[in-house]
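Shown next, in structure tokens, is the structure this report addresses.
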Amino acid sequence: MKAPGYVVHKGCDHIFFVGFLGAGKSTVARNIGRLFGRPYVDTDRIVERMNRCTLVQIYDKGGPQAMYEAETRALESLLAKKSLLVSCGSGIVESQKNCSLMRKMGSVVFLDGRLSDSLKQIQRLDRRPDFDLVENIELLYEHRRPLYQKLADFSVCITHKTFDEVAQATAQLLWEKGLL
């Protein structure tokens, strides 16, 4: 049963959360989902379920291209669904096909902050295949940030904010835009 006030828009109307490692995408999607009674999913978990292995194993077997293709399949699995809050893996923006799919299926929110904001949240480096892409995490951040900015319909600053504050600010923005 849907929560009171649950809004279903016409067409595919997902809200995708993108941002760097540790930006809080999953936590924000989950918090907003609970607040508004909307289902939330995580593309990293979908990829792992579909492939029956971890992200690191996928990356180790096939490199970044295997990850992008797995993320594409995960996104395509959402095409027939409606009104999801979708937390995306930080590298999903590396594939133009993935960016096109997200644009086609809904709106994109970039959780934007400094590299230090993200790094203080990362607890499990062994679950982060992205760290193998470059020796210097700052280069990866500098490479991806413009990709997130280009894709995003909306940006929310995470600097000096708790995940609850980010979720509240994001929810207010999306509510005002008629997306929740």
Side-chain angles (χ1 to χ4, degrees), residues 1-47 71-72 74-122 130 140-180:
M1 180 169 165
K2 303 287 186 236
Y6 183 81
V7 176
V8 176
H9 302 275
K10 292 183 179 180
C12 199
D13 64 340
H14 304 319
I15 299 171
F16 297 91
F17 297 93
V18 300
F20 200 63
L21 303 161
K25 302 173 297 282
S26 297
T27 302
V28 169
R30 182 174 46 253
N31 288 355
I32 293 173
R34 288 177 179 159
L35 185 64
F36 286 89
R38 277 185 74 166
Y40 56 90
V41 297
D42 185 313
T43 61
D44 285 347
R45 301 301 73 82
I46 295 170
V47 165
E71 289 170 328
T72 299
L75 289 173
E76 289 171 341
S77 76
L78 305 178
L79 280 165
K81 301 187 184 308
K82 293 186 59 61
S83 302
L84 294 175
L85 300 172
V86 184
S87 169
C88 298
S90 64
I92 204 161
V93 295
E94 297 282 354
S95 162
Q96 186 55 48
K97 183 170 186 177
N98 291 342
C99 292
S100 295
L101 279 167
M102 287 185 280
R103 284 229 157 268
K104 175 182 177 181
M105 291 191 285
S107 301
V108 179
V109 177
F110 171 32
L111 300 183
D112 187 13
R114 299 175 311 208
L115 177 59
S116 60
D117 297 320
S118 292
L119 290 180
K120 69 182 177 186
Q121 299 301 326
I122 299 172
D130 307 71
L140 183 59
Y141 172 81
E142 290 171 10
H143 166 73
R144 286 193 180 156
R145 190 164 185 266
L147 300 175
Y148 301 132
Q149 290 171 321
K150 181 179 177 184
L151 177 64
D153 295 299
F154 311 103
S155 291
V156 176
C157 181
I158 66 170
T159 302
H160 301 302
K161 293 180 184 164
T162 65
F163 287 141
D164 284 340
E165 291 170 330
V166 173
Q168 289 173 8
T170 305
Q172 181 175 347
L173 171 69
L174 295 171
W175 179 263
E176 289 170 357
K177 299 294 182 181
L179 298 171
L180 288 176

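As the structure is a computational prediction, the values presented were derived from the model and not from experiment.
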Q: Evaluate the side-chain contact (heavy atoms from CB on, under 4.5 Å) criterion for residues Y40 and S87: first the C-alpha distance (whole Å), next the side-chain angles of each, then the deciding distance (0.1 Å), finally the verdict.
A: CA-CA 8 Å; Y40 56 90; S87 169; over 6 Å; no
Q. After noting the C-alpha distance and the side-chain angles of L75 and T43, does the key distance pass the side-chain contact (heavy atoms from CB on, under 4.5 Å) rule?
A. CA-CA 7 Å; L75 289 173; T43 61; 4.2 Å; yes
Q: Before giving the answer on side-chain contact (heavy atoms from CB on, under 4.5 Å), spell out for K97 and E76 the whole-Å C-alpha distance, their side-chain angles and the decisive distance to 0.1 Å.
A: CA-CA 10 Å; K97 183 170 186 177; E76 289 171 341; 3.7 Å; yes
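With contacts defined as side-chain heavy-atom distances shorter than 4.5 Å, the pair E94/R144 qualifies. Counting heavy atoms from C-beta on, the side chains of M105 and L79 come closer than 4.5 Å. Counting heavy atoms from C-beta on, the side chains of F110 and Q149 come closer than 4.5 Å. Contact of the I92 side chain with the M102 side chain is registered, since non-hydrogen atoms from C-beta on lie closer than 4.5 Å. With contacts defined as side-chain heavy-atom distances shorter than 4.5 Å, the pair I46/L78 qualifies. The shortest distance between side-chain heavy atoms of D112 and C157 does not fall below 4.5 Å. Residues L151 and F16 form no side-chain contact, since every pair of their non-hydrogen atoms from C-beta on lies 4.5 Å or further apart. When side chains are defined from C-beta on, Y148 counts as touching S90, because their heavy atoms get closer than 4.5 Å.
Between S77 and K81, the shortest heavy-atom distance links the atoms O-CE, 3.9 Å. Closest of all the heavy-atom pairs between V156 and A169 is CG1-CB, 4.4 Å. Between D44 and G89, the closest heavy-atom pair is OD1-CA, 3.4 Å. Of all heavy-atom pairs between L115 and F20, the closest is CD1-CE2, 3.5 Å. Taking every heavy atom of both residues into account, G24 and F163 meet most closely at CA-CE2, 3.3 Å.
A donor-acceptor pair is defined here as one N or O able to donate and one able to accept, closer than 3.5 Å; no such pair exists between the side chain of H14 and the backbone of G106. No side-chain donor-acceptor contact under 3.5 Å links K25 to the backbone of V86.
F36 CZ to L85 CG: the interatomic distance, rounded to the nearest 0.5 Å, is 9.5 Å. How far OG1 of T27 is from CG of D42: 9.5 Å, rounded to the nearest 0.5 Å. Between atom OG1 of residue T170 and atom CD of residue E165 there is a gap of 11.5 Å, rounded to the nearest 0.5 Å. The structure places CD1 of I32 at 6.5 Å from CG of L180, a figure rounded to the nearest 0.5 Å. Note that CG of N98 and SG of C88 are 8.5 Å apart. Values are rounded to the nearest 0.5 Å. To the nearest 0.5 Å, atoms CG (D164) and CG (N31) are separated by 5.5 Å.
Looking only at atom types and distance, the side chain of E176 has a donor-acceptor partner in the side chain of Q172 under 3.5 Å away.
Every residue two or more places apart in sequence or in another chain that forms a salt bridge (Lys or Arg N to Asp or Glu O under 4.0 Å) with D153 is listed here: R103.
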